[in-house]
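A quick write-up on the structure given underneath.
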Amino acid sequence: MEKFSGKAIFKGVAVGKIVFGAKDKQQVRRTKIEDASAETQRFEEAKERALKELGSLYEKALKEVGEDNAAIFEVHSMLLEDEDFNDAIKDKIVNQQVNAEYAVAKTGDDYSEMFANMEDEYFRARATDIKDISERVISQLTGGTGLSALSEPSIIVAEDLAPSETIQLDKDKLLAFVTEFGSANSHTAILARTMNLPALIGVKIDKSWNGKTGIVDGYNGTVIIDPDNETIEEYKKIQQKDKEKRELLKSLKGKKTVSKSGKTVHLYANIGKPSDLGSVIENDAEGIGLFRSEFLYLDSKDFPTEEEQFSAYKKVAETMAGKKVIIRTLDLGADKQVDYFNLGQEDNPAMGYRAIRICLDRQDIFKTQLRALLRASAFGNISIMYPMIISVDEVRQIKEIISGVMDDLRAEGVKFKENIEQGIMIETPAAVIMSYELAKEVDFFSIGTNDLTQYTLAIDRQNSKLDNINDSHHPAVLRSIKTVVENAHKAGIWAGICGELGADTSLTKTFLEYGVDELSVSPSFVLPVRKAVTEAD
């Protein structure tokens, strides 16, 4: 019995046969060709077959993992149809007189390296996508195949897995996967979490594991090869406990989120798109505590129109049927860049031109969003939340702007919720210190613990070298939360948490003691947090 360590990207346990996912990689050789026109045609035909294959994968993913996760295959289709990428391939075929396989492989390597060296995190992530689509076209040209179909329930072990390979596997027979490469934020990792599959990355794998029995421990980040019977029985007991926990959580659906001492907490969900509503309803959230409206901008090639935004907000409001829906105004900048905003490079984007600072500076964009939000408020229980606030002056500016937008809508005879609830995110030490004064200006606070931790500790949360000291449980962070809640209550408003810390059940009791009124978490954490609340004194 051997044990190997890695990084867990989804908790859980799997026990079963290991299948080594070796790809059928055919050596791509550079060959001189005589007929560039015929070779270019070969490439075009292979590309069309690859696009058709991506279309089928999109439809399969749509059924199995939802629209958001299926979107990666739309991205791959767009990349494969990119004019510059195609021109670079055809240029090599024609001017270098090389075979299509080599032209695709060389262009893929060049583009992948280019993306990998970009500063923007979104574009760096595209390096893997470029490799995937290049290999797909090469496979069409050479007749190569991907991973073999699973004949029985199995643990897949591979150097790396592309999203397309993950989704092609039979979900009913895929127990878990273990890879040597990849990242916790890759599309494949996201798919694993969506499919509820125990998964590890960063494991030094060995082909000799193929066919052996293995255990994937997603709680401790280990994979055990050739476990003895006693160890297998231990892990099967853990699996049974996990199953019982899932059943217990289901029993909490429809129940109120009330502690033993009678403290009621509103338990809401965080979403990014209207397509996330299914998870909100499935997991029995009481409302939506954070709708990240910036995804409307990130998913668009140009500024989303008032009508496009209104349609999205209206859909969410109507679907939630009177339950609270808190929509955050666009929070772009820092690690969320959009080309058409032309935000430019910054030495320290996390502390730069972002979120409400963009909105107050470019009020035409802000007013368009506010008009859409106010119009949608006539169709449900919408509240508006403003991010990255540091001063009372900012809040007063916002109130003046929204007052003007309301005047315009009244003049046009457009209905909206006149007394719409408006709140701010507390994400900076400045907002914490000014929280009593700020509370007099708004209807609620929502504490964004991800950025609050970053700014309080002066630690870049994107820097993995600082993971060992990036402590969201730091006394300074917890005292900040306590201070904000106390100041909110002194001013007669409510205060919630919408950052990842809200889902940390080791702190649920602490938040109840602080008097936190609301917790907004990812849909899948709603029931575990409800359980933690109901078990707290």
Side-chain angles (χ1 to χ4, degrees), residues 259 261 263-268 270 287 289-290 324 326-329 331 350-351 354-360 366 370 382-403 419-459 471-502 504 507-521:
S259 70
S261 61
K263 167 68 178 176
T264 298
V265 176
H266 294 293
L267 189 50
Y268 298 153
N270 300 334
L290 171 61
K324 190 183 288 292
I326 301 174
I327 301 177
R328 180 175 70 188
T329 56
D331 186 6
M351 295 188 182
R354 59 173 294 195
I356 202 65
R357 298 167 184 179
I358 297 172
C359 292
L360 293 178
F366 193 31
L370 291 175
I382 284 179
S383 301
I384 304 176
M385 181 163 68
Y386 308 105
M388 198 65 182
I389 298 296
I390 62 169
S391 70
V392 170
D393 282 346
E394 286 175 328
V395 177
R396 289 176 179 166
Q397 274 184 268
I398 293 166
K399 289 165 80 172
E400 187 177 335
I401 293 167
I402 199 165
S403 178
N419 61 339
I420 190 166
E421 190 181 43
Q422 297 178 72
I424 61 172
M425 289 191 71
I426 304 293
E427 303 169 272
T428 66
V432 173
I433 294 167
M434 295 298 296
S435 55
Y436 180 64
E437 287 78 7
L438 287 166
K440 297 174 184 177
E441 301 288 334
V442 297
D443 299 310
F444 68 91
F445 286 156
S446 189
I447 304 168
T449 55
N450 301 352
D451 270 334
L452 181 60
T453 301
Q454 171 175 240
Y455 296 129
T456 300
L457 303 184
I459 288 175
D471 179 16
S472 57
H473 290 217
H474 192 289
V477 176
L478 297 180
R479 287 179 194 175
S480 294
I481 293 170
K482 188 172 188 285
T483 297
V484 170
V485 175
E486 288 173 349
N487 285 335
H489 291 169
K490 285 177 188 175
I493 68 170
W494 64 268
I497 294 174
C498 66
E500 288 185 15
L501 215 55
D504 187 339
L507 287 173
T508 302
K509 186 177 178 181
T510 300
F511 294 150
L512 288 171
E513 291 170 354
Y514 288 173
V516 171
D517 302 291
E518 175 253 14
L519 295 169
S520 189
V521 300

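From a predicted model like this one, the values you see are computed outputs, not experimental measurements. Only heavy atoms go into these numbers, but all of them, side chains included; no hydrogens, no water, no symmetry mates.
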| Charged N to carboxylate O below 4.0 Å: is that the case for Arg396 and Glu400? |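 Result for this pair is no, no salt bridge flagged.
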
| task | Give a yes or no on whether a salt bridge exists between Glu518 and Lys324, defined as a side-chain N under 4.0 angstrom from a carboxylate O. | result |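 Between Lys324 and Glu518 there is no salt bridge, as every charged N stays at least 4.0 Å from the carboxylate O atoms.
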
Do [X] side-chain atoms and [Y] backbone N/O form a donor-acceptor pair below 3.5 Å?
X: Ser435; Y: Asn487; result: no
X: Asp443; Y: Gly423; result: no
X: Ser403; Y: Lys399; result: no
X: Asp517; Y: His266; result: no

So, taking the atom named [atom1] in [X] and the one named [atom2] in [Y], what distance separates them when rounded to the nearest 0.5 Å?
X: Thr453; Y: Ile481; atom1: OG1; atom2: CD1; value: 7.0 Å
X: Thr428; Y: Tyr455; atom1: OG1; atom2: OH; value: 8.5 Å
X: Gln397; Y: Phe366; atom1: CD; atom2: CZ; value: 10.0 Å
X: Met388; Y: Ile424; atom1: CE; atom2: CD1; value: 12.5 Å
X: Cys498; Y: Leu519; atom1: SG; atom2: CG; value: 10.5 Å
X: Phe444; Y: Gln422; atom1: CZ; atom2: CD; value: 8.5 Å

Do you know which two heavy atoms are closest between [X] and [Y], and how far apart they sit?
X: Ser520; Y: Gly289; answer: OG-CA, 3.2 Å
X: Ala431; Y: Leu438; answer: O-CD1, 3.7 Å
X: Ile382; Y: Ile420; answer: O-CG1, 3.3 Å
X: Ile384; Y: Leu370; answer: CD1-CD2, 4.5 Å
X: Asp471; Y: His473; answer: OD1-N, 2.9 Å
X: Ala488; Y: Phe445; answer: CB-CD1, 3.7 Å

| request: Please step through side-chain contact (heavy atoms from CB on, under 4.5 Å) for the pair Val516 and Ile447, ending with a clear verdict. | output: CA-CA 10 Å; Val516 171; Ile447 304 168; 5.9 Å; no

| request: Count the heavy atoms belonging to other residues, nucleotides or ligands that lie under 6.0 Å from NE2 of His489, then report whether that count exceeds 12. | output: yes

| said: For Lys263, I'd like to know if atom NZ has over 12 heavy atoms of other residues, nucleotides or ligands within 6.0 Å. | reply: yes

| said: Out of the candidates Asp451, Thr456, Leu452, only one should pair with Gln454 under the side-chain contact (heavy atoms from CB on, under 4.5 Å) rule; please name it. | reply: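 The single option meeting the side-chain contact (heavy atoms from CB on, under 4.5 Å) with Gln454 is Asp451.
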
| request: Kindly determine whether Asp331 and Arg354 satisfy side-chain contact (heavy atoms from CB on, under 4.5 Å), including the steps that lead there. | output: CA-CA 7 Å; Asp331 186 6; Arg354 59 173 294 195; 3.5 Å; yes

| Side chains of Ile356 and Ile390 in contact at under 4.5 Å (non-hydrogen atoms) | no

| task | Apply side-chain contact (heavy atoms from CB on, under 4.5 Å) to the pair Ile493 and Val442, showing each step before the final yes or no. | result | CA-CA 8 Å; Ile493 68 170; Val442 297; 4.1 Å; yes

| said: Quick one, Leu501 with Phe511, criterion side-chain contact (heavy atoms from CB on, under 4.5 Å). Give me CA distance, side-chain angles, the key distance, then yes/no. | reply: CA-CA 10 Å; Leu501 215 55; Phe511 294 150; 4.1 Å; yes

